Amino acid sequence: MTTLLVVEDDVSLNKGIALTLAKDGVTIKQAYDLAAAERLFAAGGIDLIVLDVNLPDGSGFDFCEKIRRHSRLPIIFLTANDLETDIVTGFELGGDDYITKPFSLMVLRARVMAVLRRSVSHVEDKIAIDGMTLDFGKMEFEKEGGKIALSKTEQKLLKALVMNKGTILTREQLINQIWTVDAEFVDENALTVTIKRLRAKIEDEPSSPTYIKTVYGLGYRWSERNGHE
């Protein structure tokens, strides 16, 4: 079930948007001002916000900026302003799309669905494991709240292991996935070095790893602290 929040003070337009979007398992919540929007957002469960910029009790831009301090929830702006500066502002504040009035409700629906699809793809690229957050889409990695700086090669190696949790990946498979074009020219020692560096960054005890297990004579396998593979 997908839940959308429509924030638009024009009652007839708000209802029209809600009727257009409320299909195929989509639930709509409606707000006609920022105060109501903030209450509904705070209650949780929202998957995307369709947000008017000009509201009777404030600016949609300010609401977006507040949300972006702690959430990547998809936001699509609606506005009568088609000024380039307003559009740029919307994107700079973290908006995912910007639609100027008047607009076709069916086009709005298509763009909402497109943003939702991208959002799902991003979620699949973001994984929480024990005390770690691995966001491959944004290339941001954290352990116990602290940032982990990973090189592009380390990111590729980590993703290959995590996405194949519990499966033994041979050295050859990993080399082919990580170095792709130049795999045939890569010294096997390069993989050993990258494994060592990655362990040093994510393992509590790199010499006795919890996550990146060596399967002697075969390759490597990603495990987890709770034993689930």
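On a predicted model such as this, the values are computed, not experimentally measured, just so you know.
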Inset, instruction - Check the side chains of R171 and Y220 for a donor-acceptor pair under 3.5 angstrom, ignoring hydrogens and angles. - result: yes
Inset, instruction - Identify which one of R68, R111, R117 satisfies the salt bridge (charged side-chain N to carboxylate O under 4.0 Å, His left out) criterion when paired with D96. - result: R68
Legend entry - Validation row: I202, L158 side chains within 4.5 angstrom (heavy atoms): yes
Legend entry - Aromatic plane relationship, F61 with Y98 - under 30° parallel, 30 to 60° tilted, over 60° perpendicular: tilted
Inset, instruction - Determine, using the 4.5 Å side-chain heavy-atom cutoff (strictly less than), whether L191 and L218 are members of one ILVMFWY cluster. - result: no
Inset, instruction - Check whether any side-chain heavy atom of F141 lies under 4.5 Å from a side-chain heavy atom of M132, and answer yes or no. - result: no
Inset, instruction - Determine yes or no for a side-chain-to-main-chain donor-acceptor pair under 3.5 angstrom, with E142 supplying the side chain and T133 the backbone. - result: no
Legend entry - Interatomic distance, R69 atom CZ to C64 atom SG [nearest 0.5 angstrom]: 10.5 Å
Inset, instruction - May I ask you to test the T214-R199 pair for a side-chain heavy-atom distance under 4.5 Å? - result: yes
Legend entry - K66 NZ: over 12 foreign heavy atoms closer than 6.0 Å: no
Inset, instruction - Please answer: with hydrophobic residues joined when any side-chain heavy atoms are less than 4.5 Å apart, are V7 and Y32 in the same cluster? - result: no
Legend entry - Minimal non-hydrogen separation, L19 against K23, with atom names: O-CE, 4.0 Å
Inset, instruction - Begin with the C-alpha distance, continue with both residues' side-chain angles, and end with the deciding distance and a verdict on side-chain contact (heavy atoms from CB on, under 4.5 Å) for V53 and D86. - result: CA-CA 9 Å; V53 170; D86 288 322; over 6 Å; no
Legend entry - Approximate separation, where rounding is to 0.5 Å, of E203 CD and L198 CG: 8.0 Å
Legend entry - Pairwise distance CG(L5) to CG(L51) - rounded to 0.5 angstrom: 8.0 Å
Inset, instruction - Determine the minimum heavy-atom distance between L150 and Q155, stating which atoms define it. - result: O-NE2, 3.1 Å
Inset, instruction - Would you please test I17 and Q30 for side-chain contact (heavy atoms from CB on, under 4.5 Å) and show each step? - result: CA-CA 10 Å; I17 293 170; Q30 294 168 269; over 6 Å; no
Inset, instruction - Look at the side-chain heavy atoms of Ile, Leu, Val, Met, Phe, Trp and Tyr, link any pair under 4.5 Å apart, and say whether L93 and V115 land in one connected group. - result: no
Inset, instruction - May I ask you to test the D9-D33 pair for a side-chain heavy-atom distance under 4.5 Å? - result: no
Legend entry - Spatial distance of atom CD1 (I76) from atom CD1 (I49) [nearest 0.5 Å]: 10.5 Å
Legend entry - Heavy-atom closest contact (I46 atom, F41 atom, distance): CG1-CA, 4.4 Å
Legend entry - Atom of G166, atom of R221 and distance for their closest heavy-atom approach: O-CD, 3.4 Å
Legend entry - Student check: side-chain heavy atoms of T194 and I178 closer than 4.5 Å: no
Legend entry - Verify same cluster id: L48, I67 (apolar side-chain graph, 4.5 Å): no
Inset, instruction - Flag the pair K101 / L13 as yes when at least one side-chain heavy-atom distance between them is below 4.5 Å, and no otherwise. - result: yes
Inset, instruction - Would you mind reporting whether L108 and T20 have side-chain heavy atoms less than 4.5 Å apart? - result: no
Legend entry - Minimum heavy-atom distance G44-K29, with the two atoms named: O-NZ, 4.2 Å
Inset, instruction - Would you mind reporting whether L4 and V112 have side-chain heavy atoms less than 4.5 Å apart? - result: yes
Legend entry - L78 reachable from L40 in the ILVMFWY side-chain graph, under 4.5 Å edges: no
Inset, instruction - Taking the six-membered ring for Trp and the full ring for Phe, Tyr or His, determine whether the centres of F77 and F91 are under 6.0 Å apart. - result: no
Inset, instruction - Without swapping roles, check the side chain of D57 against the backbone of A35 for a donor-acceptor pair under 3.5 Å. - result: yes
Inset, instruction - Kindly indicate, with the supporting measurements, whether the criterion side-chain contact (heavy atoms from CB on, under 4.5 Å) is fulfilled by I75 and F63. - result: CA-CA 10 Å; I75 296 172; F63 186 36; over 6 Å; no
Inset, instruction - Could you pull out the closest heavy-atom pair between V215 and I168, with the gap in Å? - result: CG1-CD1, 3.8 Å
Inset, instruction - Supply the atom-to-atom distance L34 CG to D52 CG, rounded to the nearest 0.5 angstrom. - result: 9.5 Å
Inset, instruction - Scan K159, K201, R197 and name whichever one has a side-chain hydrogen bond (donor to acceptor under 3.5 Å, both in side chains) with E154. - result: K201
Inset, instruction - Walk me through it: do L161 and L157 pass the test side-chain contact (heavy atoms from CB on, under 4.5 Å)? - result: CA-CA 6 Å; L161 290 166; L157 173 58; 3.9 Å; yes
Legend entry - From L21 atom CG to T2 atom OG1, the distance as rounded to the nearest 0.5 Å: 11.0 Å
